2 protein chains.
Amino acid sequence: MRLTRDHVVAVALDLLDEVGLEHLTMRRLADALDVRNGATYWHFRSKQALLEAMADALLTGLPADLPAGQPWDELAADVARRLRRALLSRRDGARLFSGSFFPLPNALAYGETMVGLLVGAGLDHRSATWATDTLTYYVVAHVTEEQLAAALPDSGKDARNRLDAALDPTEHPHLLAARDDLAAPHPNAHFDYGLSLVLAGIRGELTG
Amino acid sequence: MRLTRDHVVAVALDLLDEVGLEHLTMRRLADALDVRNGATYWHFRSKQALLEAMADALLTGLPADLPAGQPWDELAADVARRLRRALLSRRDGARLFSGSFFPLPNALAYGETMVGLLVGAGLDHRSATWATDTLTYYVVAHVTEEQLAAALPDSGKDARNRLDAALDPTEHPHLLAARDDLAAPHPNAHFDYGLSLVLAGIRGELTG
DNA sequence: ACCTGAACACCGTTCAAGT
DNA sequence: ACCTGAACACCGTTCAAGT
């Protein structure tokens with residue numbers, strides 16, 4: 001079968017789910033595509049270019065058809081949760097996304113939607129843009145950590161043991177007191193808490 | 001000269017400044033240390049272990065001697081700015097840090113300080129921990145992007161041209177209006193704006 | 001136009017052997 | 001105990017040659 005850019009991206013995303021970002025190599029991808037090693041370089045000028053196409057594919061249809069007549073903060077929370085879901089949809093999706101810093105169509109559509117929402121709420125363009133950056137940083141960093149935690153062996157038991165061993169009662173009383181409030185067991189509540197902090201901060205920009 | 005862990009870490013950090021994270025290889029490091037290729041594996045069990053030691057070295061002395069008698073939000077802003085400065089102190093410092101997810105002494109000390117600050121302000125342990133996560137995500141993601149932007153060729157001129165070419169007046173009116181408010185020319189103001197949003201959100205947890 | 005074959009210049013890691 | 005020498009099993013990328 002003839003290769004197309006879309007087919008290469010689709011197979012690469014499936015391979016990503018299977019092996020993870022650090023084992024996603026051009027040679028393994030060629031195997032999965034049933035071609036010889038250099039073939040993908042006719043369709044993508046570099047591995048980086050392929051990764052960016054994969055990242056943008058992750059965001060397909062992200063901010064489509066928002067419900068009308070909702071308050072801005074519920075819409076913004078909705079868009080942020082959609083971004084999170086998109087990044088969670090593939091293994092290492094957040095790291096894939098944050099490695100691609102160039103303007104791709106779906107990422108631009110996401111940004112346009114969020115900035116427009118905040119401008120509509122009453123922020124000037126600079127504040128709306130910078131607040132969007134803050135929201136986006138938050139979502140991407142949160143999902144990055146979620147996916148790193150998910151990749152730990154033993155569902156993170158070893159990591160928790162290492163943390164317990166490293167925590168000293170006299171040096172880390174507060175961290176010890178929060179030992180059962182780690183992010184990992186409560187990913188959704190943890191995400192919503194931080195999101196609500198940022199949205200509350202933005203709300204303060206409007207009334208203040 | 002005999003190798004020590006500290007010497008390996010120090011030379012590796014200098015090499016990081018020189019070549020960047022993606023060209024920091026065990027072979028280049030061996031050259032810089034004037035030893036043969038496998039030698040560092042006697043001191044660090046893997047490249048990952050070395051990178052984690054480097055990441056923690058970055059944070060040395062981070063939250064030491066905070067000024068007393070200050071309001072919690074100024075102290076929290078101070079600690080966040082110190083974290084930013086520590087990550088900025090070496091090329092790709094933010095990516096180095098976010099790649100090391102295991103509990104290291106200076107990272108724990110930072111977390112203990114920030115959680116303690118927020119507990120002192122009146123948050124319960126869970127909220128203080130989760131708010132600290134939000135602040136830390138923000139700082140790390142912000143510096144990650146700062147350092148990616150700094151690594152662009154032509155001081156980002158090509159990237160800006162690509163953005164201008166990708167922006168469509170009818171599809172991206174808000175992004176176009178914000179074209180001169182990108183993060184890159186105003187890194188400090190951009191950082192402080194997002195930080196103040198998160199801190200205002202935390203403040204709302206106390207009075208609400 | 002699209003892909004293969006084969007090479008170039010690298011990687012991280014291991015480990016017997018040296019000192 | 002600490003390091004060398006040499007190998008193993010890979011990488012991304014390029015490009016003449018094929019079809």
Side-chain angles (χ1 to χ4, degrees), chain A residues 1-55 57 91-92 95-96 98-102 148 151-153 158, chain B residues 1-55 57 91-92 95-96 98-102 148 151-153 158:
Chain A
M1 214 240 301
R2 213 77 169 299
L3 289 186
T4 61
R5 280 179 63 97
D6 285 351
H7 184 236
V8 172
V9 167
V11 171
L13 285 171
D14 286 345
L15 183 58
L16 177 65
D17 270 340
E18 205 184 312
V19 303
L21 190 55
E22 72 186 330
H23 294 115
L24 179 72
T25 69
M26 297 302 269
R27 286 159 207 266
R28 284 215 205 203
L29 176 58
D31 280 354
L33 289 164
D34 204 32
V35 292
R36 272 2 87 212
N37 176 32
T40 48
Y41 283 88
W42 201 91
H43 300 273
F44 294 92
R45 82 155 70 79
S46 65
K47 184 182 183 180
Q48 179 62 29
L50 170 62
L51 292 175
E52 289 178 6
M54 292 168 67
R91 171 135 63 137
D92 295 330
R95 272 156 73 211
L96 179 65
S98 61
S100 359
F101 34 90
F102 280 127
L148 283 178
L152 292 176
D158 178 58
Chain B
M1 215 243 298
R2 213 79 168 299
L3 289 186
T4 62
R5 280 179 63 98
D6 285 352
H7 184 236
V8 172
V9 167
V11 171
L13 285 170
D14 286 345
L15 184 58
L16 177 65
D17 270 341
E18 205 185 313
V19 302
L21 190 55
E22 74 187 328
H23 294 115
L24 179 72
T25 68
M26 296 303 267
R27 287 159 206 264
R28 284 215 203 203
L29 177 59
D31 279 355
L33 289 165
D34 204 33
V35 293
R36 274 0 88 212
N37 176 32
T40 47
Y41 284 88
W42 201 89
H43 300 272
F44 294 93
R45 83 155 70 78
S46 66
K47 185 182 184 183
Q48 179 62 27
L50 169 62
L51 292 174
E52 289 177 7
M54 291 168 66
R91 167 129 71 132
D92 295 330
R95 273 156 74 212
L96 178 66
S98 60
S100 0
F101 34 91
F102 279 128
L148 283 177
L152 292 176
D158 177 60

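Treat the numbers as computed from the prediction; the structure is a model and nothing was measured. Within every chain, numbering begins at 1; the chains are lettered A, B, ... in the order of the sequence lines, protein sequences first and strands thereafter.
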Which heavy atom of A/Ala30 sits nearest to which heavy atom of A/Asn37, and what is that distance?
CB-CA, 3.9 Å
What salt bridge (charged side-chain N to carboxylate O under 4.0 Å, His left out) pairs are there with at least one residue in residues 3-28 of chain A, not counting sequence neighbours?
A/Asp14-A/Arg90, A/Asp17-A/Arg90
Atom CZ of A/Arg2 and atom P of C/dT4: how far apart are they, to the nearest Å?
11 Å
Distance, C1' atom - from D/dC3 to C/dA16, rounded to whole angstrom:
13 Å
Are A/His7 and A/Leu33 side-chain neighbours, meaning at least one heavy-atom pair lies under 4.5 Å?
yes
Can you sort out which residues in residues 3-21 of chain A have a heavy atom within less than 4.0 Å of DNA chain D? Ascending by number, please.
none
Can any side-chain N or O of A/Gln48 pair as donor or acceptor with the backbone N or O of A/Gly99 at less than 3.5 Å?
yes
Gap separating the CG atom of B/Asp92 from the CG atom of B/Leu24, nearest 0.5 angstrom:
9.5 Å
Does OP1 or OP2 of C/dC3 have a side-chain N or O of A/His43 closer than 4.0 Å?
yes
Check whether any side-chain heavy atom of B/Thr25 lies under 4.5 Å from a side-chain heavy atom of B/Val19, and answer yes or no.
no
For B/Arg36 and D/dA6, give me the distance from atom CZ to atom P, rounded to whole Å.
12 Å
Tell me: CG of A/Leu29 to P of D/dC10, nearest whole Å?
17 Å
Treat primed atoms plus P, OP1 and OP2 as sugar-phosphate and everything else as base, then score nucleotides 12-19 of chain C 5' to 3': B for base contact with protein heavy atoms under 4.0 Å, S for sugar-phosphate contact only, - for none.
BBB-----
Close side-chain approach of A/Phe44 to A/Val9, heavy-atom, < 4.5 Å
yes
Using the C1' atom in both, what is the distance from D/dC2 to C/dA17, to the nearest Å?
13 Å
Taking atom C1' in both D/dC8 and C/dC11, compute the distance separating them and give it to the nearest angstrom.
12 Å
Applied to residues 35-50 of chain A, the salt bridge (charged side-chain N to carboxylate O under 4.0 Å, His left out) test, sequence neighbours excluded, yields none
Salt bridge (charged side-chain N to carboxylate O under 4.0 Å, His left out) partners for B/Arg91, two or more places apart
none
Where DNA chain D forms stems, i.e. three or more consecutive Watson-Crick or G-U pairs with both distances under 3.5 Å
C:4-8 with D:12-16, C:12-16 with D:4-8
Between the OG atom in A/Ser100 and the CZ atom in A/Arg95, the distance rounded to the nearest 0.5 Å is 12.5 Å
Distance in Å, B/Leu96 CG paired with B/Met54 CE, rounded so as to fall on 0.5 Å steps
5.0 Å
